[in-house]
Every structure is written in C-alpha cells, then in structure tokens.
Amino acid sequence: MISLPEAKRTLLKLLPQAGGILLRYFGRRGLSARSKGGVDFVTVADLAVERFLIAWLKKSFPDSAFLAEETAPKNFKRLEKKQDLWIIDPLDGTASFSRHHPDFAVSVALAGRGEVRCGAIYLPFFRKLYWASKAETSASVNGRRLSVAKTASLATSFLATGWPWELPLRATTAAWQRNLALKVRALHIFGSSVADLAAVAEGRLDGYFHCSLKPWDTAAAALMIEKAGGRVTDVHGQPRRIFEPTILASNGRLHNKILKFLK
Ligand SMILES: [Mg+2]
C-alpha cells in the first residue's frame with residue numbers, strides 16, 4: 001500500500017508541473033481538439049497532461065492502478081475496489097480552457113478499496129494548490145488551512161452547478177436551477193466541477209450540485225470539503241461512494257436547505 005507522506009510529496013511536486021504544461025497551451029487559438037461524442041471533446045492539452053501524470057506516477061509507484069479520464073475503460077466500475085488506484089482528471093473544465101477562461105483544474109486522488117485516501121487539486125491560472133489526506137485533520141491551499149464558509153441562509157448564498165455532457169440530463173440541471181434561482185443570491189456555472197468543489201472547500205462558494213459527474217471530477221475534492229468542515233452527499237442526501245455520479249457539496253449549514261430544491 002502506498003504511504004500517504006510519499007503520495008503527498010509526489011503530488012505536491014507533480015501537480016504544479018502539470019499546471020505548467022496546461023498554461024503553455026492556455027490562450028492558444030484553435031487548440032487541436034476531437035469530439036468524444038455529442039458535445040463533449042478533448043484537446044491536445046488534456047492528453048499531454050494525462051500522459052505526463054501517468055508516466056511519473058507509474059515510475060514512482062509501479063504497482064498501482066489508474067483511472068484517468070482520457071484512458072478510462074468503459075466499465076471502469078470494476079476498478080472501484082482496487083488497493084492503490086490513482087484517479088486522475090488531467091484537465092477539468094476543458095471547454096472553459098479552450099476558450100481562454102480561467103476556470104480549469106487538475107485533480108489527482110489516491111483511493112484504496114473504495115475510499116479516497118488523499119487528493120490534490122491545482123488551479124493553474126490562479127496558482128493554487130489544494131491538499132487533503134485521511135491522515136491529517138485539516139486540508140490546505142498553498143499551505144494555509146482550508147475552511148468552508150459560514151453562510152447560513154439561502155438568501156445570502158453563492159452557489160454553482162454544471163451542465164452534464166449527456167444532453168437529456170440538462171433538463172434536470174435546468175429544473176434544479178429554476179427551483180433555486182428564486183431563493184439564492186447567486187447561482188453560477190463556471191465550467192469546472194473540480195475548481196468549483198475546491199471553492200466550496202475554501203469558502204468561496206457555499207454549495208455545488210451536479211447530476212452526473214465522474215469519479216475523477218469528485219474524488220479529491222470530496223475529501224477536501226469534508227476536511228474543511230463541509231458536507232458531501234448524493235442529491236438525495238445519502239452518503240456518497242466515490243463512484244456515485246450525483247453530488248451535493250456544501251458548507252454543511254446550507255446542506256438540507258439546498259437539498260429540498262434538488263427534486
Ligand atoms: Mg478532463
């Protein structure tokens with residue numbers, strides 16, 4: 001089993017380097033891209049960073065398994081119970097990234113037997129490096145302790161959500177937005193679930209919900225939010241396993257208030 005201090009040393013070094021690769025592509029017009037079906041797509045930057053991360057992690061931890069967005073098998077659920085599983089999103093927020101918006105992120109988590117043991121997130125544009133580990137009582141951003149916001153009412157809340165890639169599911173997102181829009185101060189779609197979930201951990205957002213995410217979108221961030229004092233469940237308020245597609249993440253105080261509108 002991979003030791004957590006060793007995973008920490010490796011990830012805190014690798015993620016800023018991965019971010020450096022992304023920044024070299026960022027702002028280029030006409031970034032080479034191909035469709036992943038429907039409206040989803042991948043660029044050369046996603047692929048370059050995924051190759052970089054897997055190569056280095058394999059070198060440091062040759063016996064581990066990988067679940068990375070661009071090389072994930074179709075039935076990746078069978079990987080859920082692996083002992084040392086790296087769950088990687090080389091670039092979350094590809095659409096934002098490709099149009100020169102700053103909301104994009106890199107996320108890497110280490111899971112063991114269905115539980116996230118540690119995770120790191122990097123926001124290259126903002127040079128923010130987030131870290132959380134089962135072995136530590138608190139989570140951090142650039143070495144500072146993370147804590148969720150204290151917002152207690154929907155009327156003063158600042159929330160975000162995201163559009164699923166599966167177009168028919170967007171009706172669900174739209175319905176939840178319509179329900180909440182009449183109750184909250186702000187409800188944004190920035191375009192990166194990883195960056196938004198990190199913002200919940202940091203208290204820059206009070207809550208984030210989504211009806212269809214992948215493990216690489218949520219694995220690192222969910223642990224971070226819990227360590228920052230927040231709460232993470234599925235959209236029915238039930239405890240969430242790492243491969244569960246729906247999520248409500250919040251500062252805790254607003255959790256049940258938001259939950260009521262996700263119907
Ligand atoms: Mg991605």
Side-chain angles (χ1 to χ4, degrees), residues 11 14-28 31-57 65-74 76-77 79 85-111 116 119-126 128-130 160-167 169-170 173 189-199 208 210-224 242-247 249:
L11 291 183
L14 274 186
L15 266 75
Q17 292 177 8
I21 298 174
L22 289 177
L23 287 174
R24 286 201 289 279
Y25 287 101
F26 187 57
R28 281 195 205 170
L31 208 57
S32 165
R34 70 173 160 77
S35 170
K36 288 164 79 175
V39 294
D40 196 4
F41 70 112
V42 60
T43 72
V44 283
D46 304 61
L47 299 171
V49 172
E50 181 156 319
R51 274 196 303 272
F52 168 82
L53 288 170
I54 292 179
W56 280 97
L57 289 169
F66 290 86
L67 173 58
E69 178 170 12
E70 310 308 340
T71 49
K74 261 213 154 39
F76 59 75
K77 278 213 153 55
L79 294 171
L85 177 67
W86 295 102
I87 303 177
I88 300 171
D89 194 336
L91 169 53
D92 187 59
T94 303
S96 295
F97 176 86
S98 73
R99 302 300 294 268
H100 210 197
H101 291 268
D103 300 295
F104 60 94
V106 187
S107 174
V108 181
L110 174 63
V116 177
I121 289 173
Y122 189 61
L123 307 189
F125 187 85
F126 301 100
K128 284 191 172 190
L129 180 58
Y130 299 78
T161 183
W163 294 116
W165 289 116
E166 306 91 327
L167 293 177
L169 289 180
R170 290 188 177 183
T173 306
I189 292 188
F190 295 108
S192 162
S193 47
V194 169
D196 290 349
L197 290 165
Y208 180 84
H210 202 291
C211 66
S212 180
L213 289 177
K214 295 293 198 293
W216 46 84
D217 296 314
T218 56
L223 179 61
M224 232 159 258
I242 60 175
F243 281 33
E244 155 72 34
T246 78
I247 191 167

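Each ligand, and each atom within it, is numbered from 1 in the order the structure gives.
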May I ask you to check if any N/O/S atom from [X] comes under 2.8 Å of the Mg ion (ligand 1)?
X     : value
Pro90 : no
Glu70 : no
Glu69 : yes

Asp46 and Thr43: side chain donor to acceptor below 3.5 Å: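 A donor-acceptor contact under 3.5 Å links the two side chains.
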Between Ser192 and Asp92: side-chain donor-acceptor atoms closer than 3.5 Å: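 Yes, side-chain donor-acceptor contact under 3.5 Å.
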Among the N, O or S atoms that Asp89 has, which is closest to the Mg ion (ligand 1)?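 It is OD1 of Asp89.
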Flag side-chain contact, heavy atom, 4.5 Å: Thr161 against Ile189: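 Side-chain contact under 4.5 Å: yes.
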Taking the six-membered ring for Trp, are Phe76 and Phe243 closer than 6.0 Å centroid to centroid?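 Yes.
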